[in-house]
Amino acid sequence: MLTRRGFLQTTGTAGAAALAVFRDDGIARIEAAARYAGHRSADEAASDENYWREIQQAFTLDRTIINLNNGGCCPSPRVVHEALKRYLDISNQSPVYHMWQILEPNIESVRRRLAAAFGCDPEEMAITRNASEALQIAQLGIDLKAGDEVVTTNQDYGRMLDTWEQRVRRDGIRLTKVSFPVPPKSMDVLAERLLAAITPATKVLHFCHITNLTGQIFPVKQIAAEARRRGIKTVVDGAHAFAHFPYTAADLGCDYYGTSLHKWLLAPIGTGFLYVRKENIPSLWPLTPAAASRADNIRKFEEIGTHPAANHNAIAEALTFHEGIGIERKAARLRYLRNRWADRLGRHPKFRIHTNLDPAHSCAIGNVEMIGVPTGQVVSQLWEKWRIIATPIVHAEYTGLRVTPNVYTTLEEVDTFITAMETIAAAG
Ligand SMILES: Cc1ncc(COP(=O)(O)O)c(C=O)c1O
């Protein structure tokens with residue numbers, strides 16, 4: 001077992017560790033850090049700054065800004081970005097050979113590893129360019145006729161709602177958007193709202209595994225099981241869920257699941273996946289048409305024409321980095337960072353937290369409103385005076401700042417955010 005002293009000898013002092021980012025041993029250092037943290041619970045490791053310093057230094061960031069918008073897309077660790085660049089260089093030697101013959105076939109290794117991490121059969125795993133593409137394959141590929149109904153929420157992602165709205169205009173389907181409380185007192189409320197909206201015309205339920213607006217986690221299994229019992233298909237938007245907190249496909253039980261990999265997995269920009277339950281593959285039309293002979297093959301959803309192999313192959317390196325930390329430890333750290341600011345601001349009379357902080361309800365993402373100060377104004381001041389990036393959320397039913405740290409975020413950065421918020425509130 002690696003002791004703290006052994007760990008520090010392996011990784012060096014803080015000064016030497018700062019140099020590590022320039023060396024090509026990122027994964028080895030993460031593994032050494034993992035061995036060091038391995039004998040302690042995820043919650044104990046969550047507050048061990050010696051461990052997290054190694055993770056922080058695995059990235060090549062601009063530390064003159066504090067990026068608390070990791071809900072948009074995230075920087076990759078250096079090893080992942082190096083892999084991306086390496087594969088691009090290899091491709092460019094002679095793409096028809098090096099990219100198509102050498103790199104592209106290795107997408108199968110990525111499929112196998114992603115399927116193992118998600119807990120499905122590789123033959124149910126399609127690799128896409130983002131969550132939008134993954135979800136739109138499902139949304140536009142399910143046969144629906146005029147009058148058929150899709151039930152979703154009014155806090156689902158705008159593009160996904162736009163996609164259903166287009167089917168309303170084009171195919172004459174009906175779209176019902178339910179509202180739910182923010183924050184909800186229980187998970188049951190979320191299931192009840194969606195299930196209560198079902199009518200005899202309902203063919204699809206579409207909802208987030210975790211919302212991008214407040215970071216609310218939904219009881220996917222409860223909803224999907226009931227939908228299945230009633231013969232209704234479930235499309236689950238997992239854009240923010242994969243590699244964020246622990247779960248597998250068996251914990252969900254949905255029909256279709258789309259996620260981004262350039263968010264919490266820290267894979268290159270332009271990566272995502274679509275899970276299609278095996279029984280649904282033959283009847284789901286791909287977004288970009290494929291030969292009839294491929295109707296039963298999950299790869300029919302990847303027929304997008306010429307594209308870089310580098311992006312999807314570098315997912316393998318991101319999985320290795322992710323597994324080096326471990327999902328339990330990562331989720332515990334993300335909650336630790338989120339609680340550091342949310343507990344403090346939550347006790348302050350000028351702030352209202354729109355996220356239920358119970359670990360079953362949320363993880364890294366939190367939403368906070370500064371009472372009496374317009375959200376846009378808070379965002380501008382954070383940027384102009386403090387160089388802090390956070391996301392304004394202005395919903396018809398509430399407003400607030402979405403704050404999302406990541407594994408590379410330091411305590412000093414979180415504390416600067418707290419100070420900035422308290423300063424703006426005191427002035428405003
Ligand atoms: C809930 C949700 N769904 C879908 C998406 C789309 O993801 P992507 O940009 O990877 O297509 C996002 C992006 O932020 C999101 O937050």
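Any value given below was found using the heavy atoms of this structure, including those in side chains, with hydrogens, waters and symmetry copies removed. Both ligands and their constituent atoms are indexed starting at 1 by order of listing. By convention here, the first residue in the shown sequence is residue 1.
- Heavy-atom separations between His262 and ligand 1 include at least one value shorter than 4.0 Å.
- Of the charged side-chain nitrogens involved, none lies within less than 4.0 Å of a carboxylate oxygen, so that Arg170 and Glu165 do not count as a salt-bridged pair.
- Ring pair Tyr247/His209 is perpendicular by interplanar angle, where above 60° counts as perpendicular and below 30° as parallel.
- Between Ala131 and ligand 1, an N or O atom pair is found at a separation short of 3.5 Å.
- Figure legend: Arg387 and Trp383 shown as a cation-pi pair, the cationic atom lying under 6.0 angstrom from the six-membered ring centre and within 45 degrees of its axis.
- Using a 4.0 Å cut-off between heavy atoms, Ser132 contacts ligand 1 through both its backbone and its side chain.
- When all heavy atoms of Arg63 and Gln56 are compared, the closest pair comes out as NH2-O, 3.4 Å.
- In this comparison of Arg402, Lys263, His240, the heavy atom closest to atom 14 (O) of ligand 1 sits on Lys263.
- Close approach of ligand 1 to Ala239 (heavy-atom distance below 4.0 Å) involves ligand atoms 2 (C), 3 (N), 4 (C), 5 (C), 12 (C), 15 (C).
- When every heavy atom of Val414 is checked against every heavy atom of Thr409, the shortest pair comes out as CG2-CG2, 3.8 Å.
- For atom 1 (C) of ligand 1, the nearest non-hydrogen atom of the protein is Asp237 OD2, 3.4 Å.
- Close approach to Ser260 involves these atoms of ligand 1, each under 4.0 Å from a residue heavy atom: 7 (O), 8 (P), 10 (O).
- Using a 4.0 Å cut-off between a side-chain N of Lys or Arg and a carboxylate O of Asp or Glu, Glu133 and Arg159 do not qualify as a salt bridge.
- Looking from atom 15 (C) of ligand 1 to the surrounding protein, the closest heavy atom is Tyr157 CD1, 3.3 Å.
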